[in-house]
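The structure under discussion appears below in the form of structure tokens.
Residue numbers run from 1 in the order of the sequence given. In listed order, ligands and their atoms are each counted from 1.
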Amino acid sequence: MLMTIELLTQKKGPKISKYLYGQFSEHLGHGIYGGIYVGENSDIPNVNGLRSDVIEALKAIHVPVVRWPGGLFADTYHWEDGIGPKDGRKKIVNTNWGGVTENNYFGTHEYFELLRQLGCDAYINANIGSGTVQEMAEWVEYMTMPGESPMAALRRKNGQEEPWCVKFFGIGNESWGGGGNMRPEYYADVYRQYQTFLPQYDKENPIYKVACGPSDDDYDWTEKVMKIAGKYLDSISLHFYTLPTGVWQDKGDATNFPESEWTSTMNRAKYMDELVTKHSTIMDHYDPEHKIDLIIDEWGTWYNVEKGTNRGFLIQQNTIRDAMVAAITLNIFHKHADRVYMANIAQMVNVLQAMIVTKDDRLIKTPTYYVFDMYQKHMEAQWVEGVGDVPENITYTASQKNGELTLSLANYDLHETKKIHFTASSSYRNIISAKGLFADKMDACNTFDHPDEVSEQPFDGVELNNNQMIVTLPAKSVVSITLK
Ligand code: AHR
């Protein structure tokens, strides 16, 4: 029997923040060097050192925010190493990621140039693991002080007259682990101290603070940070990665995996719903009005590294399975849009569940990229609640904006086509667009020889009759449909 889901289009749902489509770029492998930044003298076409093909692809998906410089790297990063003439910049060792020499050619100015070219907002992660309160305060002064001050003068000397806008500011990263191995009580106090000295020059638009939150199901961390630092928080960030096996020593391979690892990956991705619900419930106790946001500033798949590559570079292939994880996760974030304000997939280029993979002067867009592309209409739209049983192995989300209804679905069943019946409380007469990602095998992916194996295709599986819709979804597909 055909199951019916009723979309409550007359009910006002929470707004889906565009920042849920945020990205994360760390000094890690080719995440920045080679992938985004090639330098002004490169043969690869670039503007001010940033490769033009990558910028063009990222602009097309309207990246709203990029978190930088890490990750674990952030707690070893000293911002003054990355300013001034390039030949004078300090060379350091990237101790977290491959032990490679970091020449600091991509620093604060280059980061803001990236944001300028993308037209997106800043999310800087400060070093509280090996830095100082003064170092953090001076970095913020350097970036955002509009008037006269020692750091503003240094910024101007380095060629930037006007202050930049720092929208989001992270105080620590994984402080429970590689960011300092702190206990929640201790971190909460450190957070209180650092945030006290975070300069806020624009009182009308204060910098939004992100506190280090828990890993996975560490509910005790959330409880204690909320309790001790709650009144100083704008948000708290959760990190959660999807590992097929759930075991860090052998996570499972990105391609050529057994069916059981497809299933475990889907289950692990769906677990995000429980994590967000439970952390949010703890937050409710201290913040019933939802003034403090939950941020998921690291999420995505994490597999064994591609054979023959540097283990510290976290290079992995991206397949239709990753597209499913992206769809499942984004749908969960939409559902929790009243609490989840930003999310940053790890990572934007060449690392983990990337949007883009580069090799010399070439680039491929991954299946995950296409999900982000198809989902764009959900950004800043109002979430629409659906009522009714959801068929097995189906995930969906709906939102409305400007009189249009966008419905995105994934069928993560490996073998069965699924038919789903939707009704809406408002009537829609036209299909404005319908597209999808389809695959014949579970590790279908794009390669430099076959870059369009998994790419957006027209979708003709929708029958619309006024406010009734039947969607026929092939196995292993993600689709997005917009109606008016
Ligand atoms: O995204 C890779 C790493 O994963 C980040 O540097 C760290 O924060 C997390 O453990």
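Phe112 pairs in a ring pair (Phe, Tyr, Trp, His ring centres under 6.0 Å) with only one of the listed residues (Trp164, Tyr142, Phe106), which is Trp164. Of the options Trp302, Trp299, Tyr271, a ring pair (Phe, Tyr, Trp, His ring centres under 6.0 Å) to Tyr241 is made by Trp302 and by none of the others.
Arg67 forms no cation-pi arrangement with Phe168, by the criterion of a distance under 6.0 Å to the ring centre and an angle within 45° of the ring axis.
Taking distance alone, with nitrogen or oxygen atoms compared against 3.5 Å, Tyr241 approaches ligand 1 more closely than that limit. Geometrically, ligand 1 and Trp302 share no nitrogen or oxygen pair separated by less than 3.5 Å. By the 3.5 Å distance cut-off applied to N or O atoms, Leu72 is counted among the residues near ligand 1.
Nearest to atom 9 (C) of ligand 1 among the protein's heavy atoms is Glu298 OE1, 3.0 Å.
With a 4.0 Å cut-off on non-hydrogen atoms, Asn173 touches ligand 1 through its side chain and not its backbone. At a heavy-atom cutoff of 4.0 Å, ligand 1 is contacted by the side chain of Phe24 but not by its backbone.
Between atom CG of residue Leu352 and atom OG1 of residue Thr368 there is a gap of 11.0 Å, rounded to the nearest 0.5 Å.
A centroid separation of 6.0 Å or more is found between the aromatic rings of Tyr123 and Trp68.
Each of the atoms 7 (C), 8 (O), 9 (C), 10 (O) of ligand 1 lies under 4.0 Å from some heavy atom of Glu174.
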